[in-house]
**Student:** 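Here it is: the structure, laid out below.
All of these numbers come straight from a predicted model, not from anything done at the bench. Start at 1 and go down the list; that is how both ligands and their atoms are numbered.
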Amino acid sequence: MDSKHRPYRMCIGCRKARPKDELLRFVKSDEGQAVFDADCSRGGRGFYLCPGPACFEQAHRNRKTRAAYFRTRDTVREAIVEIQETILKFIEKDLILCKKTGYLGDARDEETPPGESELVLVAAERSPEEKGEMHTAAHSSQTRIFSLPASLGGPAGCCAAVRKGFPLANRLAMNLQKYEMLSSKGPAL
Ligand SMILES: [Zn+2]
């Protein structure tokens, strides 16, 4: 992607600018509540947060941003869980579409080795050796690799490969990245 034309936005937690598609977007509803805008489809003024627990914590500590976003949520964890559930639905939807359109394969299959794939998704329950092999193969072919959220494992989801050309690959990758970052342990919550 051309970085010159990649829009940047500031996170209200850490106050750093990051590419817009790597951030979580929120908009104010008519009632003045902040609503998570998962696919950036809602109009109106929004604000952004990095998908990491540390930035949520910072936004929660700030009186103004707490009033905007955390008013109906007791804890940062509550807010994060809610957002993760929403993101997970998007990931699931895109994976179903990926399968239906024939872009989903198995990364251990000869047909879709990491080099022929846009993304590789490794299920958490795979053995460390298998994960290691997948990571090595993906890195050497510069394929983006993510862990497959546990609830999406399924029988065929052990080491999923999204074939090159899947139109929603980037959105899927961004959501997987956000999900992973939200799952990582930040400072004690
Ligand atoms: Zn941030």
**Student:** Verify, without hydrogens or angle tests, whether Ser117 (side chain) and Val120 (backbone) share a donor-acceptor contact under 3.5 angstrom.
**Tutor:**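 Between the backbone of Val120 and the side chain of Ser117 there is no qualifying donor-acceptor contact (under 3.5 Å).
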**Student:** For the atom pair CZ (Phe166) and CG (Leu95), what is the distance rounded to the nearest 0.5 Å?
**Tutor:**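 Taking CZ in Phe166 and CG in Leu95, the distance rounds to 7.5 Å.
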**Student:** Which distance, rounded to the nearest 0.5 Å, do you find between the CG of Leu24 and the OG1 of Thr86?
**Tutor:**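 It comes to 10.0 Å.
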**Student:** By side-chain hydrogen bond (donor to acceptor under 3.5 Å, both in side chains), which residues pair with Thr136, not counting sequence neighbours?
**Tutor:**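 Thr136 satisfies side-chain hydrogen bond (donor to acceptor under 3.5 Å, both in side chains) with no residue once adjacent residues are dropped.
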**Student:** Could you go through residues 38-53 and list every donor-acceptor pair under 3.5 Å that involves a side-chain atom there, pairing it with any protein atom two or more places apart or in another chain?
**Tutor:**
unit_1, atom_1, unit_2, atom_2, d
Asp39, OD1, Ser41, OG, 2.8
Tyr48, OH, Arg25, NE, 3.1

**Student:** Tell me, please, which residues at least two apart from Phe90 pass ring-ring contact (aromatic ring centres under 6.0 Å, His included).
**Tutor:**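 Partners of Phe90 under the ring-ring contact (aromatic ring centres under 6.0 Å, His included) test: none.
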**Student:** Measuring from the Zn ion (ligand 1), count protein N/O/S atoms under 2.8 Å, please.
**Tutor:**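 The number of such protein atoms is 4.
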